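Shown next, in structure tokens, is the structure this report addresses.
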There are 4 protein chains.
Amino acid sequence: MWLRVDPRRSKPLYQQIVDAVKEAVAKKVLEEGERLPSVRELAASMTLNPNTVAKAYQELERAGVIEVIRGRGTFVAALGAKKDHARRLAAMQELIKQVWIEAQHLQMSHDDLLSFVQHTIAEWDREKGRDGK
Amino acid sequence: MWLRVDPRRSKPLYQQIVDAVKEAVAKKVLEEGERLPSVRELAASMTLNPNTVAKAYQELERAGVIEVIRGRGTFVAALGAKKDHARRLAAMQELIKQVWIEAQHLQMSHDDLLSFVQHTIAEWDREKGRDGK
Amino acid sequence: MWLRVDPRRSKPLYQQIVDAVKEAVAKKVLEEGERLPSVRELAASMTLNPNTVAKAYQELERAGVIEVIRGRGTFVAALGAKKDHARRLAAMQELIKQVWIEAQHLQMSHDDLLSFVQHTIAEWDREKGRDGK
Amino acid sequence: MWLRVDPRRSKPLYQQIVDAVKEAVAKKVLEEGERLPSVRELAASMTLNPNTVAKAYQELERAGVIEVIRGRGTFVAALGAKKDHARRLAAMQELIKQVWIEAQHLQMSHDDLLSFVQHTIAEWDREKGRDGK
DNA sequence: GTGGTCTAGACCACC
DNA sequence: GTGGTCTAGACCACC
């Protein structure tokens with residue numbers, strides 16, 4: 001199963017679901033148009049409250065990751081359909097800034113940091129190739 | 001002043017302080033051994049609750065960013081002295097993973113992502129050169 | 001075809017049908033006395049559940065937009081025949097109120113709002129001239 | 001009190017709260033920076049569940065109408081600070097379209113519709129002058 | 001004190 | 001069947 005949540009982590013459960021779905025979609029473990037388990041199914045299988053799952057699904061819909069079709073179910077949205085392009089790039093820059101700050105504290109050189117990032121990204125690219133159907 | 005906090009942001013105030021100090025140290029706006037304002041001074045000048053500042057300082061000390069010397073004050077720790085090297089690298093990888101996931105959702109190619117990251121890092125390097133004393 | 005529905009929109013499918021028919025009648029794409037497809041025909045051609053179409057038709061009949069004549073079919077009602085004149089005006093005022101509230105939040109001046117409304121209405125008048133048979 | 005909700009209406013309670021707050025802000029019954037009742041206070045005074053009020057407040061914050069300051073309370077945001085300008089204008093146009101459609105069904109002339117709209121808007125402007133502090 | 005999260009479980013609209 | 005809303009009430013982080 002592509003979804004694991006852990007109530008002991010400080011990250012809220014619904015947020016863990018959101019992040020896990022985003023990750024699965026990014027890795028193509030979940031593909032465009034694929035149906036997600038229903039709120040009740042997922043809640044039952046993860047022993048979570050349906051409200052918690054519903055909150056996660058609503059957040060994912062707002063983010064444009066999934067599409068909810070009333071009475072029918074929930075599906076992975078088209079990747080290209082994402083809105084807020086500018087805001088998303090800004091969020092990425094903010095994350096990269098954090099990486100950069102951490103690197104300074106570790107006294108990594110510019111080149112060390114860059115190769116560390118390259119290495120990590122390459123690893124995720126490989127992971128995507130492996131997991132994607 | 002290197003410290004700006006905004007109570008309207010969703011990030012907790014204490015965390016904003018922590019992040020701002022880390023950033024200032026990374027940019028060398030605050031230098032090794034430099035004295036930080038006391039909890040009370042900072043709280044008064046920023047109209048913050050002293051508890052909030054104290055919590056931030058505790059977190060910073062645990063992270064090895066500052067050192068509290070009883071009776072003398074609070075100082076920026078040596079950069080090289082950071083512990084938990086492995087854990088910090090893992091945290092960086094986690095951040096990079098998030099960047100990677102977001103890039104997949106924006107359908108950025110491997111090369112687009114890499115040049116975006118390089119560009120952003122280069123910007124922060126320049127910023128450091130400019131702000132550092 | 002004057003009818004387009006999209007299951008991904010949050011507006012219920014039956015409501016989308018209702019609104020589309022009202023719009024087509026207002027634009028004279030559908031004219032007084034014109035025959036509408038039967039519930040089954042429409043459901044089949046749009047791959048909708050017949051219950052959904054039937055619910056829409058019931059709503060349209062209650063609103064006086066269409067007339068169902070047993071054994072003969074469903075027809076666009078006479079425009080002048082609408083009942084509940086007062087209730088309809090009240091509904092329009094409610095919609096205008098919502099427009100007004102939104103305008104305040106956007107800090108539009110009285111004149112800006114008025115010309116925005118005039119402009120938008122004029123556009124629909126033109127559209128009607130173009131689409132009407 | 002500027003807030004009235006009615007569980008018998010089909011509009012969800014949380015949405016009624018959202019709309020009422022937007023209206024109060026538009027009329028300047030609630031002014032920039034003014035404090036709203038806390039989630040618990042409002043829930044108690046309206047005999048609603050705190051979750052319902054919390055959901056409304058979260059929606060209002062997302063819409064940029066209010067600002068939540070952690071641990072301190074909830075305040076009316078600056079009117080000028082609204083985002084999504086383009087999307088909001090589109091939503092207004094959609095509402096005006098509905099007004100126009102209804103007018104066609106009532107066989108109102110272009111001029112009748114325009115003066116009806118002007119009259120209604122003028123009424124709300126007066127209401128704002130009266131209620132605003 | 002404040003709002004945010006979560007469980008448990010009812011009821012409803014839509015399809 | 002599906003997701004959306006709502007109540008009731010616990011617990012938590014933040015200030």
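Within every chain, numbering begins at 1; the chains are lettered A, B, ... in the order of the sequence lines, protein sequences first and strands thereafter. In this text, all values refer to a predicted model and were calculated from it rather than measured experimentally. Just so it is clear, the values below take in all heavy atoms, side chains as well, and ignore hydrogens, waters and symmetry mates.
Interatomic distance, B:Leu48 CG to B:Ile17 CD1, rounded to the nearest 0.5 Å: 5.0 Å.
Between D:Ile66 and D:Tyr57 there is a side-chain heavy-atom pair separated by less than 4.5 Å. Counting heavy atoms from C-beta on, the side chains of A:Tyr14 and A:Asn51 never come closer than 4.5 Å. Taking 4.5 Å as the limit, some side-chain heavy atom of A:Ile101 sits within range of a side-chain heavy atom of A:Lys97.
Dashed line: the shortest gap from a side-chain N or O of A:Gln58 to OP1 or OP2 of F:dG3 is not under 4.0 Å.
If you check every strand for non-hydrogen atoms under 4.0 Å, A:Gln16 touches nothing. Nucleic acid contact for D:Thr74: sugar-phosphate only, since backbone atoms but no base atoms lie under 4.0 Å from a heavy atom of the residue.
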Requested in this report: Kindly express the pairing pattern of DNA chain E in dot-bracket notation, using | wherever a base pairs with another strand and counting only Watson-Crick or G-U pairs under 3.5 Å.
Outcome: ||||||||||||||.

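In terms of modelled atom types and a separation under 3.5 Å, the side chain of C:His105 and the main chain of D:Lys22 share a donor-acceptor contact. A donor-acceptor contact shorter than 3.5 Å is absent between the side chain of B:Glu23 and the backbone of B:Ala20. Under a 3.5 Å cut-off, the side chain of C:Glu59 and the backbone N or O of C:Val18 do not form any donor-acceptor pair. Side chain of C:Glu41 to backbone of C:Ser38: a donor-acceptor contact under 3.5 angstrom is found. Of the possible polar contacts, none joining the B:Glu67 side chain to the B:Thr74 backbone as a donor-acceptor pair under 3.5 Å is found.
Atom pair D:Arg8:CZ and F:dC6:P shows a separation of 15 Å (rounding to whole Å applied). We find that CD of D:Glu59 is positioned 13 Å from P of F:dG4, with the value rounded to whole Å. Counting to the nearest Å, the C1' atom of F:dT5 and the CG atom of D:Leu48 are 12 Å from each other. Atom pair A:Ile17:CD1 and E:dT5:P shows a separation of 13 Å (rounding to whole Å applied). Protein atom CD of D:Glu41 is 10 Å distant from nucleotide atom P of E:dG1, rounded to whole Å. Taking atom CG of residue A:Leu36 and atom C1' of nucleotide F:dG3, one finds them 13 Å apart after rounding to whole Å. As a whole-Å value, the separation of D:Ile66 CD1 from E:dT2 C1' is 13 Å.
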Report summary line: Scoring nucleotides 10-15 of chain E by protein non-hydrogen atoms under 4.0 Å (B base, S sugar-phosphate only, - none) yields -B--BS

